[in-house]
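A, B, ... follow the sequence lines: proteins, then strands. Residue 1 opens every chain. What's counted below: heavy atoms across the whole structure, side chains too, no hydrogens, waters or symmetry copies. Keep in mind it's a predicted model, so treat the numbers as computed, not measured.
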Amino acid sequence: MTFGKIYEKTRIWILLIIAAILPFAVTNNYWLHILNIGGIFAICTLSLNLLTGCTGLFSVGHIAFYGIGSYTAAVLSVKCGVPFLIAVPCAGIMALIFGLVLGMPALRLKGLYLAISTLAFGEIAYRVFLNWESVTNGTRGILGIQAPVFFGINFRSYNTYYYIVLIFLVMTVVLTRNLIYSRTGRALLAIRESEIAAQALGVNTVGYKIIAFAASSFFAGIAGALYAYEVHMIAPESFVSTESITVLAMMVVGGIGSISGSIAGAFVLTMIPEVLRSTGDIRLVLYGAAIVAIVIFAPRGLGGALEWLDHLLMGNHKKKVREEE
Amino acid sequence: MALLETKKLGINFDGLVALEDVDFAAEEGKITAVIGPNGAGKTTFFNLVAGFYTPTEGSVHFGGKDITRLKAYQRAEIGIARTFQNINLFKDMSVMDNALVGLHSRAKSNVVSSMLRTPAQRREEKALREEVMSYLEFMGLADCAQEKAGSLSYGMQKNLEIVRALALRPKVLLLDEPASGLNTQDLDELSGRITNIRDRGITVVLIEHKMDVVMSISDRIAVLNVGRKIADGTPEEVRSSREVIEAYLGKEDE
Ligand SMILES: Nc1ncnc2c1ncn2[C@@H]1O[C@H](COP(=O)(O)OP(=O)(O)OP(=O)(O)O)[C@@H](O)[C@H]1O
Ligand SMILES: [Mg+2]
């Protein structure tokens with residue numbers, strides 16, 4: 001067996017093993033926290049990728065669904081004593097419902113108009129988090145979100161909660177990947193490529209756009225819930241509009257439509273600001289420069305670069321060359 | 001019996017009459033050509049039949065039912081497939097995936113069964129791929145199933161348009177200038193394929209400027225000129241109609 005073949009057969013397992021032993025290598029609590037946040041944002045970016053990357057529907061208010069999931073989980077957990085394994089799916093479903101509420105009217109809109117309405121929705125959601133005191137506690141936020149406990153193990157510490165995030169990330173990857181390579185996924189991609197042709201082939205484009213909105217907001221809601229349990233307290237400022245732009249940037253840097261890219265984009269853009277923390281005020285400029293550099297040097301995003309590396313390791317880069325021309 | 005019929009069909013765009021008073025019938029299992037000079041309203045006619053435009057007057061009937069109110073995707077579901085004059089493929093998707101979208105309304109798996117890859121979903125997916133492969137083979141595209149649709153040559157892209165429409169398992173297939181831009185050798189192949197499609201029982205409606213193709217394979221021909229139907233009949237009848245000669249055949253090779 002050649003190296004390429006062995007690599008092709010084992011790469012998924014190697015990746016999973018590395019992911020599984022990472023908390024033993026990264027012992028610094030601060031960096032473990034950053035890793036967890038990266039994983040949570042990876043789920044959020046994957047969800048945006050379904051909507052914007054695959055279906056071509058521009059959303060610049062995605063953090064609203066993440067926030068709705070976050071608040072749903074926090075309220076259920078702190079005020080109602082609902083356990084983690086019920087609160088998290090509920091958060092996803094709540095976000096999904098709001099996805100439908102936004103999706104149905106918004107789908108009459110196209111391109112920029114849709115983008116603006118999602119932006120407005122994000123802003124409204126933020127105002128609600130801020131002002132609906134009786135439920136959200138306003139600016140004070142919701143405190144005391146207890147970490148989940150399974151089999152007598154408390155998943156409070158970063159290096160244990162890491163595994164919960166990892167499991168959810170892997171599930172999200174598997175589910176969205178399955179979706180993209182299915183009848184539904186092809187319908188979504190077809191809508192992105194040509195709505196007219198999709199209709200001519202029997203795709204109910206309105207129906208599938210709503211499905212895209214629903215599925216996308218569901219996973220964003222799950223990510224939000226995981227965030228609530230990671231930080232134990234949530235407040236409105238985590239869900240401001242610029243966060244939506246950050247998620248959008250993660251998707252673009254990762255490569256539109258790419259699963260591995262969305263994950264890479266989320267981790268890289270979560271880490272860059274932390275790496276640059278020592279540089280002080282110039283940090284934001286460097287952050288922006290890094291994004292521009294990635295977009296310029298990897299036109300198909302980090303996902304495209306990873307794919308290239310993948311082909312190289314598998315040893316069939318000839319296939320790659322043909323694709324480039 | 002007429003499978004597809006239009007009655008007094010007409011549409012105007014902001015006052016500009018693009019199509020008026022068109023009575024048309026396509027016999028089941030036959031090839032009916034729609035010809036006419038540039039701008040005659042042929043593509044507009046297809047858009048009305050396929051549900052992309054709403055007529056300002058008249059109606060469209062399919063299998064005896066009035067389908068004028070149905071949306072485009074619903075008309076596809078009941079078996080009306082079309083190709084596009086200006087190729088309209090899913091460029092960034094593979095040839096295979098393009099064709100698989102054609103089978104969309106014939107498949108059942110939904111969001112949940114897809115995400116979970118249930119055994120039924122996997123079985124269905126395998127069957128879909130086999131079916132699509134047979135259409136790709138028929139149109140000579142089997143070897144490039146994994147290529148991106150946008151990377152195919154012009155002729156192959158035109159063929160993929162037909163594959164996609166065939167994957168819909170249509171009762172009637174609307175072909176909008178499938179022969180444009182093809183060389184003579186490809187033309188013969190195309191003619192053979194279109195008659196083959198008809199012989200499988202699919203009703204074909206064919207818009208085409210290439211008269212040798214039209215005359216050799218059509219069972220009936222309808223002629224449009226500036227939005228009106230000016231003649232219809234067998235190829236012989238149409239060929240000898242004075243009105244047609246004046247309106248159209250005189251400038252056949254423009
Ligand atoms: N959406 C539209 N809006 C306005 N006018 C239109 C529209 N679609 C078609 N038309 C007009 O209708 C007329 C008929 O156009 P159509 O494309 O149907 O012609 P055609 O017979 O297919 O011509 P060709 O042989 O060049 O393809 C043209 O004058 C065109 O400008
Ligand atoms: Mg035309």
Exercise for the section: Keeping to residues at least two apart or across chains, list the salt bridge (Lys or Arg N to Asp or Glu O under 4.0 Å) pairs with something in residues 59-87 of chain B. Expected result: none
Exercise for the section: Would you give the length of the straight line joining atom OG1 of A:Thr184 to atom CE of B:Met115, rounded to the nearest 0.5 angstrom? Expected result: 8.0 Å
Practice task
Side-chain contact test, heavy atoms from C-beta onward, threshold under 4.5 Å: evaluate it for B:Val101 versus A:Val203 and give yes or no.
Solution key: yes
Handout entry: Donor-acceptor contact present, side-chain A:Arg183 to main-chain B:Ser109, <3.5 Å
Key = yes
Handout entry: Contact winner vs chain A - B:Gln121, B:Glu124, B:Arg117, heavy-atom pairs under 4.5 Å
Key = B:Arg117
Problem - Interatomic distance, B:Asp92 atom CG to A:Leu189 atom CG [nearest 0.5 angstrom] - result: 9.5 Å
Problem - Which atom of A:Ala197 lies closest to which atom of B:Phe90, heavy atoms considered - result: CB-CE2, 3.6 Å
Practice task
Nearest 0.5 Å please: distance from the CG atom of A:Asn178 over to the OG atom of B:Ser114.
Solution key: 8.5 Å
Exercise for the section: Please determine, by modelled atom types, if B:Asn88 and A:Ser194 share a side-chain donor-acceptor pair under 3.5 angstrom. Expected result: yes
Handout entry: Residue part contacting chain A, namely of B:Ala50, when any heavy atom lies under 4.5 Å
Key = neither
Problem - A:Phe98, CZ atom: more than 12 neighbouring heavy atoms under 6.0 Å - result: no
Practice task
Could you tell me which portion of A:Ile211 (side chain, backbone, both or neither) has an atom closer than 4.5 angstrom to a non-hydrogen atom of chain B?
Solution key: side chain
Fill in the blank from the handout: In terms of heavy-atom pairs under 4.5 Å with chain B, the winner among A:Ala190, A:Gly185, A:Ala187 is A:Ala190
Exercise for the section: For B:Phe13, look at atom CZ and say whether over 12 heavy atoms of other residues, nucleotides or ligands are found less than 6.0 Å away. Expected result: yes
Handout entry: Enclosure of A:Tyr163 OH (heavy-atom neighbours >12, cutoff 6.0 Å)
Key = yes
Completion exercise
Okay, B:Leu128 and chain A: the region with an atom under 4.5 Å from a heavy atom over there is side chain
Fill in the blank from the handout: Okay, A:Tyr181 and chain B: the region with an atom under 4.5 Å from a heavy atom over there is backbone
Problem - Heavy-atom pair of closest approach, residues B:Ser105 and A:Gly202 - result: CB-O, 4.2 Å
Practice task
Would you mind checking which part of B:Leu100 comes under 4.5 Å of any heavy atom in chain A, side chain (CB onward), backbone (N, CA, C, O), both or neither?
Solution key: both
Exercise for the section: Please say whether more than 12 non-hydrogen atoms of neighbouring residues, nucleotides or ligands are located less than 6.0 Å from CG in B:Asn183. Expected result: yes
Fill in the blank from the handout: When the 4.5 angstrom heavy-atom criterion is applied to B:Arg129 and chain A, the contacting part is side chain
Problem - Which atoms of A:Arg177 approach chain B - backbone, side chain, both or neither, heavy atom under 4.5 Å - result: neither
Problem - Per-residue contact mode, B:Glu161 against chain A (heavy atom under 4.5 angstrom) - result: neither
Handout entry: More than 12 heavy atoms from other groups under 6.0 Å of CG on A:Leu309
Key = yes
Problem - A:Leu201 and B:His104, any side-chain heavy atoms less than 4.5 Å apart - result: no
Problem - N/O donor-acceptor pair under 3.5 Å between A:Glu193 side chain and B:Lys91 backbone - result: yes
Handout entry: A:Ile196 and B:Phe52, any side-chain heavy atoms less than 4.5 Å apart
Key = yes
